[in-house]
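Working notes for the structure below.
Just so we're on the same page: letters track the sequence lines, and every chain starts at 1.
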Number of protein chains: 2
Amino acid sequence: MKAVSEHETVSEHVAAFRRFNRYFTRRIGALDDHYLGQNRPLGEARLLFEIGDGASLRELRARLGLDAGYLSRMAKALEAQGMVRLSVHPDDNRLRRIELTPAGRVEVKEQNRRADALVASLLDGLTPAQRARLTEAMSTTERLLRLAAITVEHVDGASPDARATLAAYAAELDERFPEGFDAADLVRPEEVSGDSGAFFVAYEAERPVGCGGLRRLGPGVGEIKHVWVDPDARRLGLARRILTALEREAIERGFDVVRLDTHAVLTEAQTMYRAAGYTEIPAYAEHVYAGHWFEKRLRGAR
Amino acid sequence: MKAVSEHETVSEHVAAFRRFNRYFTRRIGALDDHYLGQNRPLGEARLLFEIGDGASLRELRARLGLDAGYLSRMAKALEAQGMVRLSVHPDDNRLRRIELTPAGRVEVKEQNRRADALVASLLDGLTPAQRARLTEAMSTTERLLRLAAITVEHVDGASPDARATLAAYAAELDERFPEGFDAADLVRPEEVSGDSGAFFVAYEAERPVGCGGLRRLGPGVGEIKHVWVDPDARRLGLARRILTALEREAIERGFDVVRLDTHAVLTEAQTMYRAAGYTEIPAYAEHVYAGHWFEKRLRGAR
DNA sequence: GGGGTCCTTTGACTAAAGTCAAAGGAATAT
DNA sequence: ATATTCCTTTGACTTTAGTCAAAGGACCCC
C-alpha cells in the first residue's frame, strides 16, 4: 500500500518534470538559441560567448565538451573573422590563450542585448508581482535541480579531491576566524581513511564542491570533521546531504553516537546541526578553534 | 527615483531568467536530447516522438518548424525502417497521414522509458519534500511563462478566430448549464465590432485560447460579454488579463462603468470578478442564463 | 636527458541538418 | 472551368557538427 502510493508520487514528479522540460526546451530554449546566433553558426556563437575575459582552449574544450580538432578550427575561423586573438598561454607554452578583440566584444555585447531584450519582452506580459513569483520559482527550481545533480562520494582521505576541498576549507576558515586557521590543524588523511574513518566529497558535474570527514573518537563514538560546501554551491541543502552520508557511514561502522565541534563564528553551521537533530553538549575535547560542541544519537532511541 | 528602481528590478528579473535558461538548457535539456536519440539522429527521434496517435505531415511541419522537403525525406526514411506508415489523408487527398507501426510504437515507448528513468535517477537525490517543492516550483514557472507568452489581441467580432472561440464558449456552457445553452443567444458580431464594441482573442503560439467582448449598454455604460478561456489554458491568470484588456478598451471608449452578468453555476468566474474589483448589483437586464450581476466603476473614484 | 604525458594542429572523413526551387496532383474560389 | 492556392515529393546543393588519428612541440618526473 505504502509502496504503491510512494511509487505513484514519484512517477507523478517524473511526469511533471518531463512536461516542464518539454515546454521549456521547446518554447524558451529554442527561442534563445535561435536569436543568439543570428548570422553565425550556433557553435561559434556559443564559443564566442564562453570566452568572456579570455580563457585557454583547454578550458573551453572542457566547458563546452568539444573535440580538440573541432575547437581548434572554430577558433581559427573566429580569428580570421577578427573576432578573437590567439596567443601562447603565458604560463604554459603548450596551451593557447584566446581573447576577444574589440570587434568580438562588440558582438558579444550585441548578443547579450538581444537576449536581454527578448526576455524583457517576454516578461512584459506579466505584472510585477507575477514577475517576482516567476523569478522565485525559477530560482527554487534551479537550486533543487543543482542539488539533485550533485553526488556525494566516498573517497580516500589522501586523494587529490579530498586534499583540494580540505585546502579550500582551511583557506576559508583562515579568513573567517579572527585568530586565523592553520592548515596543519586539519585531520591527517589516515584518520579519515580505511578502518579509522571515512571521507566524502560532493561533486557537481565532476567538480568537487564540498566535503566532510568521519573519524573514530572512542568506542561507539564517531566524530564528524570539516563539513564544508563551496560558496558557489551554498543554499542548496548540500551540507545536509553530506551530513546524512556521514551519519549513514557512522551507523554502518557501528557507532552509536556522533559528535562534532564548531567555531563560535559559524552560526549558520550551528543552526544546520540543530535542525539536523544535534544537541549542544559540554566540551568533549579541547580544540583550539572550537566554541560549541554537538552530539547526535544514531540508534537506541533517546 | 521610482522609475530607476522599477527598471532595476526588471533587469534583475531578466538576469535571473537568463541564468536559469542557461543552466536548464545546458544541463538538463542537453541530457535529455542526448539520451533520447541513442541510435538515431535527433531529428528522426523528435519526429517519431511527435507523431503520437497519428498526424498529418503538415501538422508536424508546423509543430516542429521543419522544411517540407526535409520532413518528407525523414518520413520516407522512417518508413523504410518500418517505424511509420504513410497514407493519403482521408479528409484531403493533398495531405499525407503518418502513423506509427507497432515497431515504431515500441521504440517510442522505449524512448519514454529511458527518459523517465533518467529523470527518476535525477530526482533520486532529493528527499520527498524536496521533490514536491521542485514539482511545485516547476509548475509555477511553467504557468507564468505560458501566461507571459500569451498575447491578447483586438480582433473583429466576425473574424474566424472570434467565431471559433465563441463557438467553443457556447459548447462549454451548453455542457455546464443545467438548462443548456443556445448559441443563438451569443452577441451578434456587429455588437462587438467597430463603434458598437470590441472583441479580444487571446493567442498562445498563434492558437486562440480565450476571448472576451465589450458592447455598449447605454450612455457611459459598457457590458462585458463572453469572457472565456480554453481548458488547456486555465489557471494561468488569463481571464484576468482578458478582463484588463476589456476594461482598458472601455476606458478608451469613455465608459464610466462596466457591467456583466454570469450564471449561478460559474462560481470560479464570480470569485474572479470579485477579486478584480467587481461588486454584485441587482439585475440590470433580464437574461435567460444570468443569476448574478456585477459592476465596476472605471473612473471617478467611488 | 629520456620516456611519458599533455595540448594543439592538421588532414581526411562522415553524418546530420537544412535550403531552395521545380513540378505535379488536389482542393478552393470565382 | 479556370486560375490560384496547397501540400508533398524530388533533385541538387550547402553548411554545421562532429570524429579519429597522426604528428609535433612543451612540460614533468625521475
[X] [atom1] to [N] [atom2], straight-line distance once rounded to whole Å:
| X | N | atom1 | atom2 | value |
| --- | --- | --- | --- | --- |
| A:Leu47 | D:dT16 | CG | C1' | 14 Å |
| A:His89 | C:dT9 | NE2 | C1' | 18 Å |
| A:Asp67 | C:dA12 | CG | C1' | 13 Å |
| A:Leu95 | D:dG25 | CG | C1' | 13 Å |
| B:Arg61 | D:dC7 | CZ | P | 7 Å |
| B:Leu48 | C:dA16 | CG | P | 15 Å |
| A:Ile98 | C:dT9 | CD1 | P | 9 Å |
| A:Arg96 | C:dC6 | CZ | C1' | 16 Å |

Would you tell me if any nitrogen or oxygen in the side chain of B:Asn93 comes within less than 4.0 Å of OP1 or OP2 on C:dG25?
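Checking C:dG25 against B:Asn93, no side-chain N or O comes under 4.0 Å of OP1 or OP2.
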Please confirm whether the shortest side-chain N or O distance from B:Lys76 to OP1 or OP2 of D:dT10 is below 4.0 Å.
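Checking D:dT10 against B:Lys76, a side-chain N or O does come within under 4.0 Å of OP1 or OP2.
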Taking all heavy atoms of A:Leu47 and all of A:Ala75, pick out the closest pair and write down the distance.
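Result for this residue pair: CD2-N, 4.3 Å.
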So, does A:Arg18 use its side chain to make a donor-acceptor pair with the main chain of B:Val119 at under 3.5 Å?
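Such a contact is absent between A:Arg18 side chain and B:Val119 backbone.
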Within the side chain of B:Glu175, is there an N or O that forms a donor-acceptor pair under 3.5 Å with the backbone of B:Ala171?
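Between the backbone of B:Ala171 and the side chain of B:Glu175 there is no qualifying donor-acceptor contact (under 3.5 Å).
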State the NZ-CZ distance between B:Lys109 and B:Arg105, to the nearest 0.5 angstrom.
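If I round to the nearest 0.5 Å, the distance is 9.0 Å.
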Do the side chain of B:Arg73 and the base of D:dG11 come within less than 3.5 angstrom through a donor-acceptor pair of N or O atoms?
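Yes.
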Shortest side-chain distance from [X], nucleotide among [options]:
| X | options | result |
| --- | --- | --- |
| A:Tyr70 | D:dA17, C:dT8, D:dT9 | D:dA17 |
| A:Ser72 | C:dT10, C:dA26, D:dA17 | C:dT10 |
| A:Leu57 | C:dT9, D:dT19, D:dT9 | C:dT9 |
| A:Arg94 | C:dC7, D:dC20, D:dT10 | C:dC7 |

Pick the nucleotide of DNA chain D nearest each of A:Leu66 and B:Ser56; which residue has the one closer to the 5' end?
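With A:Leu66 and B:Ser56 compared, the 5'-side residue is B:Ser56.
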Return the 5'-most residue of the pair A:Asp91, A:Gly65 with respect to DNA chain D, ranking by each residue's nearest nucleotide.
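The answer here is A:Gly65.
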Quick check on DNA chain C: between A:Asp92 and B:Gly43, whose nearest nucleotide comes earlier from the 5' end?
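Going by which nucleotide is closer to the 5' end, it is A:Asp92.
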Have A:Gln81 and A:Arg40 got a donor and an acceptor in their side chains that come within less than 3.5 Å?
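Per modelled atom types, A:Gln81 and A:Arg40 side chains form a pair under 3.5 Å.
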